Amino acid sequence: MEDRERQSPMAEHDASPSSKNRTLDPSESVTGVGIVVGIVGAVIGVVATLVLADTSGVVGWVTCSLIGALAGGSAGIVIGGMVGAIFGVLRGVTVAAVRDPNR
């Protein structure tokens, strides 16, 4: 049986590295922004700990700085991932809709 339904032609994409319009995969933006903001959050956590910690001794400072880095880094990764997801959805790749011939 021959398919006589008229279909639109497939759009051609230039996949060369020199292409001016680079598409953005949403997972790349989530990972990239999450890592960058996580590092910034860790630095902010360490600085805030060093300013606000009330400890005496090197072990106390190191322990508090480690906790501050982990807390700030994890908060930064969560916030950065959320911002990256929003950016990826707004500027990312759109998947072509699959057409059902029975519709």
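As a basis for the values below, the full set of heavy atoms in this structure was taken, side chains included, without hydrogen atoms, waters or symmetry mates. Bear in mind the structure is a predicted one, so any value in this text is a computation, not a measurement. Residue numbers start at 1 and run along the sequence shown.
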Which pairs would a plain distance check flag for residues 55-65, meaning a side-chain donor or acceptor within less than 3.5 Å of a matching protein atom at least two apart in sequence or in another chain?
unit_1: Thr63; atom_1: OG1; unit_2: Val59; atom_2: O; d: 2.7
unit_1: Ser65; atom_1: OG; unit_2: Trp61; atom_2: O; d: 2.8

Taking only residues two or more places apart in sequence or in another chain, which ones pass side-chain contact (heavy atoms from CB on, under 4.5 Å) with Ile35? Thr31, Ile39

Distance-only donor-acceptor hits, side chain of residues 75-88, under 3.5 Å, sequence neighbours excluded:
none

Quick one: name the residues clustered hydrophobically with Val36, using the 4.5 Å side-chain heavy-atom rule over I, L, V, M, F, W, Y, and just say none if it's on its own. none

Can you list everything that forms a side-chain contact (heavy atoms from CB on, under 4.5 Å) with Leu70? Sequence neighbours excluded, please. Leu66

